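Since the model is a prediction, treat every value here as computed from it, not as a measurement. Here is the naming used below: chain letters follow the sequence lines, and residue numbers restart at 1 for every chain. Note: hydrogens, waters and symmetry copies are ignored here, and every other heavy atom, side chains too, is used.
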2 protein chains.
Amino acid sequence: MNVEEIIKTSKKMPLESRTLIHITLIHNKIYELIGNALKPFEVSLQQFNVLRILRGQKGKPANLSTLNDRMVTKMSNTTRLVDKLLAKGYVDRCVCPSNRRKVEILITESGSQALTQMDKVVAETENEIVQHFTKQELEQLNLLLDKF
Amino acid sequence: MNVEEIIKTSKKMPLESRTLIHITLIHNKIYELIGNALKPFEVSLQQFNVLRILRGQKGKPANLSTLNDRMVTKMSNTTRLVDKLLAKGYVDRCVCPSNRRKVEILITESGSQALTQMDKVVAETENEIVQHFTKQELEQLNLLLDKF
DNA sequence: GATAAATTTTTGTTAAAACAGAAATGAAGG
DNA sequence: CCTTCATTTCTGTTTTAACAAAAATTTATC
């Protein structure tokens with residue numbers, strides 16, 4: 001990925017700016033490719049992430065704030081995101097008996113099965129995105145990214 | 001930035017996934033911090049980028065497709081984005097005389113002045129974001145990011 | 001020159017995100 | 001108990017983005 005080529009500039013930009021633009025461009029690429037991979041399942045990346053979090057709960061229900069905590073991109077409308085998964089039958093939602101302010105959200109069998117399919121295409125896409133990296137380079141990259 | 005801590009997971013995830021989540025988290029941080037820095041000027045990051053592109057034109061008008069080409073995040077609604085800058089008096093827009101399909105967009109004096117102010121806070125924010133990097137590390141990071 | 005095709009921008013519609021505030025419930029203190 | 005405050009979720013509103021199609025103009029072809 002050549003930053004200057006993509007944003008069609010010949011100017012030399014400060015290394016700091018270039019780095020941040022670079023990250024944004026890569027993020028756009030990730031978002032687009034994984035979004036496309038998920039399109040056949042009619043779920044957004046966010047919905048996919050929620051499903052993965054729910055699976056990670058291993059049967060323990062999650063409430064909305066737990067979901068929000070663990071989501072990569074936080075948002076205030078997690079309610080409506082879960083609404084959509086509910087409409088697809090991928091999750092169940094009910095009021096928490098011990099604290100009726102909270103809700104309990106669980107992935108359904110149908111959601112689990114769909115998620116297994118999604119995992120495959122997403123993993124493929126992820127591998128495709130990082131295909132030019134050696135394992136060592138990825139480790140090095142992660143170390144550098146940790147500095148943010 | 002500790003990925004595992006932010007998304008509150010203790011599970012060991014594949015290096016490929018961790019890298020991509022990492023990029024997304026950093027992007028969110030960049031977007032949030034620069035967005036906040038621009039808030040006093042009531043422009044979005046996208047609007048700020050358009051203004052910078054227009055300044056880069058050095059008086060030469062840009063049409064919408066040129067803007068789109070050079071934008072970091074492409075979008076189909078550049079028209080409406082320019083509408084907003086127009087409403088703030090930061091740009092001028094008129095039909096291109098030599099090809100009446102096109103429009104010519106120019107940054108105004110007022111836009112230039114505002115942009116100078118924005119540049120300051122954005123540069124400060126950018127430096128803040130990469131404050132834990134040495135110049136050498138930034139170069140190394142850019143080399144790795146080029147591999148995407 | 002008329003017709004078809006291509007380019008560029010605009011508009012309409014729907015979906016998603018951001019922001020703020022309301023509603024419901026629970027906890028704490030008098 | 002009653003009031004106040006805190007927590008959690010939901011709802012309403014406004015922006016922004018994504019997608020598709022329409023409108024206007026130019027270019028190409030017959």
Taking only N and O in the side chain of Lys84(B), is any of them less than 4.0 Å away from OP1 or OP2 of dT15(D)?
-> no
For DNA chain C, which nucleotides open and close the run of contacts to chain B, 5' to 3', at under 4.0 angstrom from a non-hydrogen atom?
-> dA6(C) to dC19(C)
Are the side chain of Ser110(B) and the backbone N or O of Tyr90(B) linked by a donor-acceptor pair below 3.5 Å?
-> no
Main-chain N/O of Arg70(B) paired with Lys8(A) side-chain donor or acceptor, under 3.5 Å = no
Ser65(A) vs Asn36(A), nearer the 5' end of DNA chain D by closest nucleotide | Ser65(A)
Shortest side-chain distance from Tyr31(B), nucleotide among dA17(D), dC10(D), dT7(D) | dA17(D)
Taken to the nearest whole Å, CG/Asn77(B) to P/dA21(D) is 16 Å
Select base, sugar-phosphate, or nothing to describe what Asn99(B) touches, counting heavy atoms under 4.0 Å on all strands.
-> sugar-phosphate
Starting at the 5' end of DNA chain C, which residue's closest nucleotide do you reach first, Lys74(A) or Ser98(A)?
-> Lys74(A)
Protein-nucleotide distance (Lys39(B), atom NZ; dT15(D), atom C1'), rounded to Å = 12 Å
Distance-only polar pair, side chains of Asn63(B) and Thr66(B), donor-acceptor under 3.5 Å | yes
When Thr73(A) and Val103(B) are each assigned the nearest nucleotide of DNA chain C, the 5'-most assignment goes to Val103(B)
For Gln131(B), does the CD atom have more than 12 heavy-atom neighbours from other residues, nucleotides or ligands under 6.0 Å away?
-> yes
His22(B)-Asp146(A) side chain donor-acceptor pair, cut-off 3.5 Å | yes
For Glu4(A), the side-chain contact (heavy atoms from CB on, under 4.5 Å) test, sequence neighbours excluded, returns Asn2(A), Thr9(A), Met13(A), Arg18(A)
Residue met sooner reading DNA chain D from 5', once Thr66(A) and Pro97(B) are mapped to nucleotides | Thr66(A)
Nearest-Å distance for atom pair NZ/C1', residues Lys102(B) and dT26(D) | 11 Å
Are more than 12 heavy atoms from other residues, nucleotides or ligands located less than 6.0 Å from atom NZ of Lys29(B)?
-> yes
Whole Å only: how far is the CG atom of Leu45(B) from the C1' atom of dA17(D)?
-> 15 Å
Think Arg101(A) has a side-chain N or O under 4.0 angstrom from the OP1 or OP2 of dT7(D)?
-> no
